[in-house]
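Here's the structure we're looking at; comments come further down.
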Amino acid sequence: MAKIINVVKGTKDILPQDAPMWHLLEKNALDIFTKYGYKEIRTPIFEVTELFARGVGDTTDIVNKEMYTFEKSDRSLTLRPENTAGVVRSYIENSMSRLSAPVKLWYKGPMFRYERPQAGRQRQFHQVGVEMFGVKDATADAEVILLAVNYLKSLGLNDLEVEINSLGCPECREVYKNKIKEVLKPEFDNLCEDCQNRYEKNPLRLLDCKVDSCKEIFEKPEIKAVIKSDFICESCAGHYSKLKSYLDELDVKYIENKLLVRGLDYYNRTVFEIKSNNLGSQNAVCGGGRYDSLVKNLGGEDTPAIGWAMGMERLISLIPTIEPKKLDGYIVSNSPADAFKLASELRDAGLVVEFDLQNKKFTKQLEKASKVANYAFILGEDEVKNNMVSVKNLSTSTQKQLDRKQLWSEYKNV
RNA sequence: GCGCCUGUCGUCAAGCGGUUAAGACCUCGGAUUGUGGUUCCGAUAUGCAUGGGUUCGAAUCCCAUCAGGCGCCCCA
């Protein structure tokens, strides 16, 4: 036998037995997002590399070490590691700022990140996400979070934890960053290697370091005081408290997590994650936040925006398995030509039917029917002659001859 | 990139230095030439990820390679 070829590391087939769960995710996304006024957008799965470098940010791990980048005709192209940058690119390119705000878009599709695969993490994975452009008020933040919660509820996921935080605006964050750097300066040599790198590149990411020695340092009173301090400026604080009061009124439960720092550079003010305890160590199903300067940074008009993305594989691992449906009927007949005709009639009437294409014996056909279908439609010589079909209910074993014309509407009474 | 764990039929597995490599499920065939789902019978790994080594003897022990899983980092 020839050598077999396997799926590439970190990728997976979505097999027929899992398809019903994907259909559920996709159907509910379409239904619910549509109710909230979102329109679907589909952008290419690869873009010019510069889009991600400028959009996602070149201090992020996503851009630094996780991108699938390739060269073609002197252009550097990259398989999208996330879709916000692509959607923003399209928003700008198609002049969507001319549309009446807010512009609400949603998407679903594969994303690519070159990481070591593990539970809840693949190199090709799928996200559903939403992006809202044009509203700077906290109403947008609240609506977007509510939408996430309601989408999760529609999937039967009610008890997930919503964590929120505010990163402030570029101005107040700069002050905060400097304070952190200042107070940590004496400890610099004691920080782990990663943290020493983060110190210059992105001090906010120091805060969720998992190394014990670093955690200890962050626990020191004078350092903790700075980390925990409410650094955000008055207007950012106002925005944040407005969001919280909206969430309270909407009865959306949340936990404030001051250490919640997104790894994407473009976020400002509101960031949030939704987590599950049943996912192993990759426990975030949803992550998002506000990115008010991204549109401008990518060459568009200054446009506030906010969005989130959910990992579809992670969602699927949280919802119960959906058993595949049986066929409505399986036609049992020794005459393929007659079976073809009957199958067409029933299919046209909306039934899901199959019949034997392999010339199997009558008993084998019936055996097959009992495994895959709710009803057997038995079509023998007599039945063909009289324009009848014998319908057998395979769970009750009752059988009746029905007129072929009314078959599709009456078979369920057998 | 680093750490830990695991590779026996399509699937789940037993096996712990000497077996004819259990068993179950799935699939296929038969009992059953127009009545299934129950039952009974039968078929299906000359081979235990691959390559070396140790041994009289290896699926079992050792090494390497490959593959998979999990964790760190980071994220959905």
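Just so it is clear, the model here is predicted, and its values are computed rather than measured. Sequence lines set the chain letters: A, B, ... in the order given, protein chains first and strands last, and positions in each chain run from 1.
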> Any donor-acceptor pair under 3.5 Å joining the side chain of Arg121(A) to the base of C74(B)?
Replying inline: yes

> Going by modelled atom types, is there a donor-acceptor pair between the base of U35(B) and the side chain of Gln399(A) at under 3.5 Å?
Replying inline: yes

>> What I want to check is whether the side chains of Tyr411(A) and Asn393(A) have a donor and an acceptor closer together than 3.5 Å.
In response: no

Can you check the distance between [N] and [M], where both ends of the measurement are the [atom1] atom (answer in whole Å)?
{"N": "A31(B)", "M": "U6(B)", "atom1": "C1'", "result": "44 Å"}
{"N": "G1(B)", "M": "C12(B)", "atom1": "P", "result": "29 Å"}
{"N": "C28(B)", "M": "G71(B)", "atom1": "C1'", "result": "43 Å"}

>> Looking at G71(B), I'd like to know if its phosphate oxygens (OP1 or OP2) sit under 4.0 Å from a side-chain N or O belonging to Gln118(A).
In response: yes

>> Check the phosphate of C72(B) against Ser281(A), side-chain N and O only, distance under 4.0 Å to OP1 or OP2. Yes or no?
In response: yes

Compare the minimum distances between each of [options] and the side chain of [X], then state the nucleotide with the smallest one.
{"X": "Ser370(A)", "options": "C73(B), G37(B), U35(B)", "result": "G37(B)"}
{"X": "Lys9(A)", "options": "G68(B), C73(B), U35(B)", "result": "G68(B)"}
{"X": "Ala119(A)", "options": "C74(B), G71(B), A76(B)", "result": "G71(B)"}

> Heavy-atom distance under 4.5 Å between the side chains of Met96(A) and Ser90(A), does that happen here?
Replying inline: yes

For [X], report the nucleic acid contact type (base, sugar-phosphate, nothing); a contact means any heavy atom under 4.0 Å.
{"X": "Ala369(A)", "answer": "nothing"}
{"X": "Glu381(A)", "answer": "base"}
{"X": "Gly129(A)", "answer": "nothing"}

> Hey, would you say the Phe33(A) and Trp106(A) ring centroids sit under 6.0 Å apart?
Replying inline: yes

> Does C25(B) pair with anything, Watson-Crick or G-U wobble, both distances under 3.5 Å, and if so, with which nucleotide?
Replying inline: G10(B)

Could you check whether [X] pairs with [Y] (Lys NZ or Arg NE/NH1/NH2 to Asp/Glu carboxylate O, under 4.0 Å)?
{"X": "Lys326(A)", "Y": "Asp328(A)", "result": "no"}
{"X": "Lys244(A)", "Y": "Glu256(A)", "result": "yes"}
{"X": "Glu26(A)", "Y": "Lys108(A)", "result": "no"}

> Could you go step by step and tell me if Gln365(A) and Asn334(A) meet the side chain to side chain contact (heavy atoms under 4.5 Å, CB included) rule?
Replying inline: CA-CA 9 Å; Gln365(A) 290 189 34; Asn334(A) 288 321; 3.9 Å; yes

>> Keeping Glu82(A) on the side-chain end and Thr84(A) on the backbone end, is there a donor-acceptor pair under 3.5 Å?
In response: yes

Enumerate the protein-to-nucleotides 26-29 of chain B contacts in which both atoms are nitrogen or oxygen and the separation is below 3.5 Å.
none

What are the atom names and distances for every N/O pair under 3.5 Å that joins the protein to nucleotides 1-5 of chain B?
| unit_1 | atom_1 | unit_2 | atom_2 | d |
| --- | --- | --- | --- | --- |
| C2(B) | N4 | Arg116(A) | NH1 | 2.8 |

